[in-house]
Amino acid sequence: MFEVFENNESEVRSYCRKFPTVFSEAKNALLIDREGKEYIDFFAGAGAMNFGHNNPYIKQAILEYLSKDRIIHALDMYTEAKEAFLNTLNKCILNPRGLDYKVMCCGSTGANAVEAALKLSRKVKNRSNIFAFSGAFHGMSIGALSMTGDRFSRNGAGVALSNVTFMPYFNAFDDENISLDYLENVLKDDHSGIDKPAAVFLETVQAEGGINVAPIDWLKRLRKICDENDILMVVDDIQVGVGRTGNFFSFERANIVPDMVVLSKSISGFGLPMSFLLMKPEYDIFKPAEHNGTFRGNQLAFVGSIAGMEYYNDNDLSAIVRENEKIIKEHLAKNVLPLNEHLKIRGIGMIWGIDFSGIDASYALKISHRCFERGIVIELAGRNDAVLKILPPLTIEKDKLVRGLNVIAEEIAHAV
Ligand SMILES: Cc1ncc(COP(=O)(O)O)c(C=O)c1O
């Protein structure tokens with residue numbers, strides 16, 4: 001059934017092992033395999049499909065662009081598509097939020113924009129060390145991996161991952177203040193043995209790390225520490241940006257402004273490869289071509305991104321995310337938490353986790369398998385993959401959202 005994949009595709013393949021079928025079509029929150037079986041998508045391309053699969057408004061813009069023989073590949077040359085993208089980003093997203101960022105078009109993956117942010121931070125501050133947080137995930141290229149916590153991925157690097165010091169994330173201790181007390185102390189203590197970093201990289205909500213939502217006060221305090229110590233704050237909004245948490249950017253809820261923001265995944269609107277680094281203008285100090293690449297500025301992704309930003313504003317997607325947040329939160333509190341006193345739920349907006357580590361991490365995998373058999377695609381996160389991660393497209397129809405949540409609750413009830 002999967003012969004050509006199993007015989008010819010590398011062993012490194014991953015998600016296909018958890019969701020073993022051959023997918024053929026997709027419509028909003030539905031994935032359809034070649035046998036015609038429908039799956040409700042609670043994974044949304046790991047956060048790349050916030051606007052749903054084949055979103056008609058975005059698709060129309062792309063089809064129109066394609067139908068007119070407009071330029072598709074242009075390296076980073078000036079194009080009308082890029083011009084319109086930059087104008088729309090300013091008009092729809094940055095200006096209304098009072099954000100003054102310059103835009104660096106990076107390669108096609110999130111990891112490439114993370115690399116750019118790393119290089120630029122080091123260049124701006126002329127320091128090599130970087131602080132990252134326990135539980136962080138920033139990607140698989142060597143620089144991004146050096147800021148990624150999980151040992152399995154790190155071991156794949158094959159070289160020492162250096163110039164990064166991990167600090168405890170807020171959830172490393174029962175009292176969230178301890179992590180930043182420690183970080184502050186490391187900076188203050190001139191015998192701490194830890195070099196002052198150029199930047200602190202963080203996800204305001206760790207997704208791969210197990211759905212850990214950093215408290216607002218913690219984020220504000222971190223911003224203050226960075227300011228007081230001349231350290232850049234870089235937010236990786238690759239998975240939880242573009243509306244996922246209820247605001248376009250995940251840091252808005254804390255009313256902080258990072259020095260740099262890394263964006264990818266859903267920013268292209270349509271699931272096309274694209275990544276950006278937003279930076280305060282004073283940090284725009286790369287020399288021309290100093291972080292170059294062939295695929296920096298996918299024209300179709302620009303077109304999709306423009307339509308995505310328009311769709312976000314025109315349909316008040318942030319209000320929709322808040323409505324869905326309520327549905328998910330109430331459902332989990334009512335139908336999942338009572339199933340076992342050791343279960344924990346965490347989340348914000350439309351990213352939620354059900355944590356089985358208090359019972360047995362292996363339940364999460366078993367339940368995700370059962371969900372798949374029953375037509376729900378749902379992925380795992382966190383230490384020992386103990387967390388079921390609820391991450392549907394923001395545009396999911398309410399009946400599908402509730403159906404998916406019901407199946408999950410039934411399977412948990414069955415298992416625990
Ligand atoms: C927070 C975060 N940063 C970086 C990345 C890496 O992005 P990519 O897989 O496109 O390289 C991911 C991917 O899941 C992510 O979730």
Side-chain angles (χ1 to χ4, degrees), residues 12-16 18 42-50 104-119 121 130 132-150 152-154 156-157 161 164 166 169 199-214 219 233-245 249-251 258 260-278 291 293 295-296 298 301 304-305 347-353 377-382 385 387 389-391:
V12 79
R13 63 195 192 277
S14 123
Y15 299 115
C16 50
K18 290 183 180 156
F42 265 38
F43 186 27
M49 303 307 302
N50 284 6
M104 174 173 169
C105 297
C106 301
S108 45
T109 64
N112 188 265
V114 170
E115 297 292 339
L118 264 175
K119 283 161 68 173
S121 300
I130 297 286
F133 286 105
S134 53
F137 183 88
H138 294 289
M140 289 281 165
S141 51
I142 296 296
L145 206 48
S146 68
M147 299 193 294
T148 291
D150 90 272
F152 173 76
S153 303
R154 293 175 67 83
L161 296 171
V164 174
F166 279 84
Y169 200 45
V200 174
F201 275 64
L202 75 149
E203 302 145 272
T204 70
V205 178
Q206 286 185 344
E208 302 303 305
I211 325 302
N212 307 313
V213 184
L219 290 168
M233 178 191 244
V234 182
V235 167
D236 178 345
D237 239 3
I238 288 175
Q239 187 157 163
V240 297
V242 195
R244 176 60 60 185
T245 62
F249 294 109
S250 74
F251 51 83
M260 297 185 201
V261 182
V262 192
L263 279 180
S264 185
K265 295 200 191 260
S266 282
I267 189 63
S268 81
F270 207 63
L272 297 170
M274 179 184 223
S275 77
F276 292 105
L277 179 60
L278 305 179
H291 187 85
F295 291 109
R296 290 176 310 115
N298 178 322
S305 185
I348 184 170
M350 290 181 69
I351 177 163
W352 284 82
V377 169
I378 185 164
E379 174 54 330
L380 310 176
D385 273 347
V387 180
K389 180 165 85 166
I390 296 170
L391 194 82

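Atoms within a ligand are numbered from 1 in the order they appear, just like the ligands themselves. The first residue of the sequence shown is numbered 1, and numbering continues consecutively from there.
- Note: an N/O pair closer than 3.5 Å links Gly110 and ligand 1 by distance alone.
- The protein heavy atom nearest to atom 12 (C) of ligand 1 is Phe137 CE2, 3.5 Å.
- In this structure, the ring of Phe43 has its center less than 6.0 angstrom from the ring center of Tyr15.
- Considering backbone and side-chain atoms together, Glu208 places no N or O closer than 3.5 Å to any N or O of ligand 1.
- Looking at atom 6 (C) of ligand 1, its nearest protein heavy atom turns out to be Gly139 CA, 3.8 Å.
- Residues Thr109 and Asn112 bring no donor and acceptor atom of their side chains to less than 3.5 Å of each other.
- Of the protein's heavy atoms, Asp236 OD2, 2.6 Å lies nearest to atom 3 (N) of ligand 1.
- Considering backbone and side-chain atoms together, Gln239 places an N or O closer than 3.5 Å to an N or O of ligand 1.
- Looking at atom 4 (C) of ligand 1, its nearest protein heavy atom turns out to be His138 O, 3.2 Å.
- In terms of N/O distances under 3.5 Å, ligand 1 is not approached by Ile238.
- No hydrogens or angles considered: nothing links the side chains of Glu203 and Gln239 as a donor-acceptor pair under 3.5 Å.
- Taking 4.0 Å as the cut-off, Gln206 does not count as a neighbour of ligand 1 on heavy-atom distance.
- Note that CG of Asp237 is 11.5 Å distant from OG of Ser264, once rounded to the nearest 0.5 Å.
- Regarding atom 9 (O) of ligand 1, its nearest protein heavy-atom neighbour is Lys265 NZ, 4.7 Å.
- Among all non-hydrogen protein atoms, the one lying nearest atom 11 (O) of ligand 1 is Ala111 N, 2.9 Å.
- Residues Ser141 and Glu115 come closest through the heavy atom pair OG-OE2, 2.5 Å.
- Of all the heavy atoms in Ala116 and Leu277, the pair that sits closest is C-CD2, 4.0 Å.
- Using cut-offs of 30° and 60° on the angle between ring planes, the pair Phe133 and Tyr169 is tilted.
- A pairwise comparison of heavy atoms in Ala113 and Val262 identifies CB-CG1, 3.4 Å as the closest pair.
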